[in-house]
Participant: 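Just passing along the structure, written as structure tokens.
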Amino acid sequence: MKKTIVIRVDSQAPEIERVRRASEFIRRGGLVSFPTETVYGLGADALNPSAVRSLYHAKDRPFDNPPILHIGYPQDVGILAAEVPVKAEKLMRKYWPGPLTLIFKRSEIIPDITVASLDTVAVRMPRHAVALALIRESRRTIAAPSANLAGRPSPTSAEHVLSDLNGRIDAVLDAGPTAIGVESTVLDITVDPPQILRPGGISYEVLKRALRRVDIHPEAIATSPVPIEKARSPGQIHKHYAPNADLMIVEGDVTSMVAKIRDLTQCLSRNGKKIGVLATDETVGFYEADAVKSLGSRKDLANVAANLFALLRQFDSEAIEVIVAEGLPSKGLGLAIMNRLRKASGYRIVRA
Ligand code: TXA
Ligand code: MG
């Protein structure tokens, strides 16, 4: 067990001496969790193989699933990528810093363990002032998966990080809850047209406007598990985002969905289960269960995304055994929200 220290920092104007304290851990091969605009990451020096090894261990993460490398300046991609296609340069100018991760052919400088021996590397420049300050102050590329135990919902607050990783990491920079709440979009730019491997903070519609042609990998919109040989990203084959409770998604038009969820909750509570419903502002009044929570309005998917992982964790803290969640429209951020919910449910999807 390590002692995990909590360093509170201002989210807009991080106090430099506090950031420096955290950066010293990174420079010495330690592990520091830090906020990004999407979720909290767990950082280690990307070019230090033993630091990266301890990163996988702290999360219980399989060694075949590489982290995203976080940089402090766009030009740092030149050290990590073997080539930077013209389309990538355009996206970097437009969306970095921001919630867009690009997959490049990797350079030789990166240790094998950092990229799980793939011939590609995932890179992003985050927008959060604390993340940028930590990377720049460390003068390192920071490898950072989301700061949860493997398979759990991603952390959107320092409390979530501590509940999974207290005693396993050196420090967490606590700057309050993150803004976006779902992870970055992962875009493979080594193929033409570029392909979204994981929908996230930058929507398909926005990328399509910038690139004209962009594909979505079938796994990213799947409603049932995709065979391993079809996966293009290690993250597509691992269990993800799951609360301890069993999660079930009901999809369909709002009226039929509400009716179906009312049936399901009645039936499940007759069987003595502790039931939770993950609803929206428009529908929350229709349900009776041990816990009924609203993600926010269906018309404000940004707010829904920001609440999603925190609510899944709240059900766990109330010892809910089965969560029944409403499906949401797959437009804009909704694509990322539904991807996370479906995966978290293990594709237990009921059509209403
Ligand atoms: O918003 C985010 O992206 C957060 C914050 C901390 O930046 N990070 C994050 O990292 O979500 P992680 O490790 O939880 O997810 C990274 C995803 C995984 O699905 C992984 O398989 C995929 O990116 N990935 C990493 N390297 C890859 C590569 N070379 N090719 C394809 N997919 C890759
Ligand atoms: Mg993750």
Side-chain angles (χ1 to χ4, degrees), residues 31-44 46 52 55-56 58-71 80-82 95-107 110 112-128 130-132 134-135 141-156 160-161 164-165 172-173 178-191 194-202 217 219-220 228 231-242 305 309 333 336 339-340 343-344:
L31 302 178
V32 176
S33 176
F34 60 96
T36 77
E37 69 279 26
T38 58
V39 300
Y40 274 72
L42 178 60
V52 175
L55 177 66
Y56 285 93
K59 280 187 54 114
D60 287 335
R61 179 161 169 126
F63 280 105
D64 66 356
N65 193 10
I68 294 168
L69 306 197
H70 293 65
I71 56 177
L80 306 170
Y95 303 113
W96 279 6
L100 177 66
T101 295
L102 297 173
I103 307 290
F104 298 96
K105 292 275 174 218
R106 69 178 272 202
S107 76
I110 310 171
D112 279 342
I113 186 168
T114 303
V115 289
S117 301
L118 298 176
D119 61 0
T120 52
V121 61
V123 185
R124 98 169 176 104
M125 179 177 171
R127 192 166 66 205
H128 198 295
V130 175
L132 287 174
L134 178 68
I135 300 164
T141 294
I142 297 190
S146 49
N148 49 280
L149 285 173
R152 298 268 301 143
S154 294
T156 54
H160 299 161
V161 174
D164 279 16
L165 300 178
V172 51
L173 280 163
T178 59
I180 298 177
V182 290
E183 302 85 345
S184 62
T185 301
V186 176
L187 183 73
D188 186 351
I189 199 88
T190 68
V191 292
Q195 187 177 48
I196 293 175
L197 303 182
R198 180 181 73 179
I202 293 223
H217 190 280
E219 191 273 347
I228 285 177
R232 288 271 310 169
S233 168
Q236 294 178 331
I237 55 179
H238 290 288
K239 177 172 167 258
H240 265 307
Y241 316 116
F309 289 135
L333 266 180
N339 166 274
R340 305 304 188 272
K343 290 180 82 144

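The figures that follow rest on heavy atoms only: side chains count, while hydrogens, waters and symmetry mates do not. As the structure lists them, so they are numbered: ligands from 1, and atoms in each ligand from 1.
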Participant: What is the distance from atom CD of Q195 to atom CD1 of I103, rounded to the nearest 0.5 Å?
Facilitator: 11.0 Å
Participant: Could you list the residues that satisfy side chain to side chain donor-acceptor pair (under 3.5 Å) with T120, not counting sequence neighbours?
Facilitator: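 T120 satisfies side chain to side chain donor-acceptor pair (under 3.5 Å) with no other residue.
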Participant: Any heavy atom of P99 closer to ligand 1 than 4.0 angstrom?
Facilitator: no
Participant: Suppose I only count heavy atoms of T120 and a 4.0 Å limit; which atoms of ligand 1 are within that range?
Facilitator: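 By the 4.0 Å cutoff, the relevant atoms are 28 (C), 29 (N), 30 (N).
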Participant: Can you sort out which atoms of ligand 1 are near A122, meaning under 4.0 Å from one of its heavy atoms?
Facilitator: 25 (C), 26 (N), 27 (C)
Participant: Can you name the one residue among R124, H128, H70, R127 that meets side-chain hydrogen bond (donor to acceptor under 3.5 Å, both in side chains) with T36?
Facilitator: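 The residue from R124, H128, H70, R127 that satisfies side-chain hydrogen bond (donor to acceptor under 3.5 Å, both in side chains) with T36 turns out to be R124.
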Participant: At a non-hydrogen distance cut-off of under 4.0 Å, which region of D188 contacts ligand 1 (side chain, backbone, both, or neither)?
Facilitator: neither
Participant: Are any of the N/O atoms on Y40, whether in the backbone or the side chain, positioned under 3.5 angstrom from an N/O atom of ligand 1?
Facilitator: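 Between Y40 and ligand 1, no N or O pair is found under 3.5 Å apart.
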Participant: What residue and atom, counting heavy atoms only, is the protein's closest point to atom 19 (O) of ligand 1, and at what distance?
Facilitator: G235 CA, 3.2 Å
Participant: Answer yes or no: does an N/O atom from S184 fall short of 3.5 Å to an N/O atom of ligand 1?
Facilitator: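 N/O-N/O distance under 3.5 Å: yes.
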Participant: When the ring planes of F309 and Y241 are compared, do they come out parallel, tilted or perpendicular, using 30° and 60° as the limits?
Facilitator: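 F309 and Y241: parallel rings.
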Participant: Measuring only between side-chain heavy atoms, which start at C-beta, is T185 closer than 4.5 Å to P199?
Facilitator: no
Participant: Taking all non-hydrogen atoms of both residues into account, name the closest pair between L31 and A44 and its distance.
Facilitator: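 Of all heavy-atom pairs spanning L31 and A44, the closest is CD2-CB, 3.7 Å.
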Participant: Pairs of nitrogen or oxygen atoms closer than 3.5 Å, one from T36 and one from ligand 1: do any exist?
Facilitator: no
Participant: So, 4.0 Å and heavy atoms of P126: is ligand 1 close enough to count as a contact?
Facilitator: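 Not so, P126 does not reach ligand 1.
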Participant: Any N/O of T101 closer than 3.5 Å to an N/O of ligand 1?
Facilitator: no
Participant: Atom 15 (O) of ligand 1: which of R106, R61, E183, R198 has the nearest heavy atom?
Facilitator: R198
Participant: Using every non-hydrogen atom in the two residues, find where W96 and V123 come nearest and quote the distance to one decimal.
Facilitator: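 Where W96 meets V123 most closely, the heavy atoms are CZ2-O, 3.4 Å.
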Participant: Please write down residue, atom name and distance for the protein heavy atom closest to atom 22 (C) of ligand 1.
Facilitator: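 So the nearest neighbour among protein heavy atoms is S233 OG, 3.5 Å.
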Participant: At a non-hydrogen distance cut-off of under 4.0 Å, which region of L118 contacts ligand 1 (side chain, backbone, both, or neither)?
Facilitator: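 Contact part for L118 vs ligand 1: side chain (C-beta onward).
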Participant: Hey, looking at atom 14 (O) of ligand 1, which of S146, A116, G41 has the closest heavy atom?
Facilitator: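 Heavy atom nearest to atom 14 (O) of ligand 1 belongs to S146.
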Participant: Salt bridge or not for R198 and D188, using N-O below 4.0 Å?
Facilitator: no
Participant: Measure the CG-CZ distance between N148 and R61 for me, rounded to the nearest 0.5 Å.
Facilitator: 8.5 Å
Participant: Could a heavy atom of E37 be found less than 4.0 Å from some atom of ligand 1?
Facilitator: no
Participant: Any heavy atom of H70 sitting closer than 4.0 Å to ligand 1?
Facilitator: yes
Participant: Pull out every atom of ligand 1 sitting under 4.0 Å from any heavy atom of I68, numbered as shown with elements.
Facilitator: 3 (O), 8 (N), 9 (C), 10 (O), 16 (C)
Participant: Would you list the protein N, O or S atoms within less than 2.8 Å of the Mg ion (ligand 2), leaving out water?
Facilitator: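 Counting only protein N, O or S atoms under 2.8 Å from the Mg ion (ligand 2), the list reads S146 OG.
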Participant: Output yes when the distance from some N or O of ligand 1 to some N or O of K59 is under 3.5 Å, and no in every other case.
Facilitator: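 Not met; the criterion fails.
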Participant: Before accepting this row, confirm whether a basic side-chain N of the pair E183/R340 lies closer than 4.0 Å to the acidic partner's carboxylate O.
Facilitator: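 Looking at E183 and R340, the cut-off is met.
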Participant: Please work out whether any backbone atom (N, CA, C, O) or any side-chain heavy atom from C-beta onward of P234 is under 4.0 Å from ligand 1, and answer side chain, backbone, both or neither.
Facilitator: both
Participant: Taking both backbone and side-chain atoms of R232, is any N or O found less than 3.5 Å from an N or O belonging to ligand 1?
Facilitator: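 N/O-N/O distance under 3.5 Å: no.
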Participant: Please give me the minimum heavy-atom distance between P99 and E37, naming the atom from each residue.
Facilitator: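 Closest heavy-atom pair between P99 and E37: N-OE2, 3.4 Å.
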Participant: Show which atoms of ligand 1 fall inside a sub-4.0 Å distance from at least one heavy-atom site of I103.
Facilitator: 27 (C), 28 (C), 30 (N), 31 (C), 32 (N), 33 (C)
Participant: Do any heavy atoms of V115 fall under 4.0 Å from ligand 1?
Facilitator: no
Participant: Quick one: closest heavy-atom pair of L333 and G200, and the distance?
Facilitator: CD2-O, 3.7 Å
Participant: CD1 of I135 to OG1 of T141: how many Å apart, nearest 0.5 Å?
Facilitator: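 Interatomic distance, I135 CD1 to T141 OG1, rounded to 0.5 Å: 8.5 Å.
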Participant: Working to the nearest 0.5 Å, report the span between OG1 of T114 and CG of L69.
Facilitator: 7.0 Å
Participant: CG/L80 to CG/L102 distance, rounded to the nearest 0.5 angstrom?
Facilitator: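 Rounded to the nearest 0.5 Å, the CG-CG separation comes out at 12.0 Å.
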Participant: What are the two closest non-hydrogen atoms of A150 and D60, and how far apart are they?
Facilitator: CB-O, 3.4 Å
Participant: Could you check atom 4 (C) of ligand 1 against the protein and tell me its nearest heavy-atom contact, residue, atom and distance included?
Facilitator: V39 CG2, 3.8 Å
Participant: Any Lys/Arg nitrogen of K105 or D119 sitting under 4.0 Å from an Asp/Glu carboxylate oxygen of the other?
Facilitator: yes
Participant: Atom CZ of R152 and atom NE2 of H160: how far apart are they, to the nearest 0.5 Å?
Facilitator: 9.5 Å
Participant: Please write down residue, atom name and distance for the protein heavy atom closest to atom 25 (C) of ligand 1.
Facilitator: P66 O, 3.2 Å
Participant: Which of the atoms of ligand 1 are close to N65, meaning less than 4.0 Å from one of its heavy atoms?
Facilitator: 18 (C), 20 (C), 21 (O)
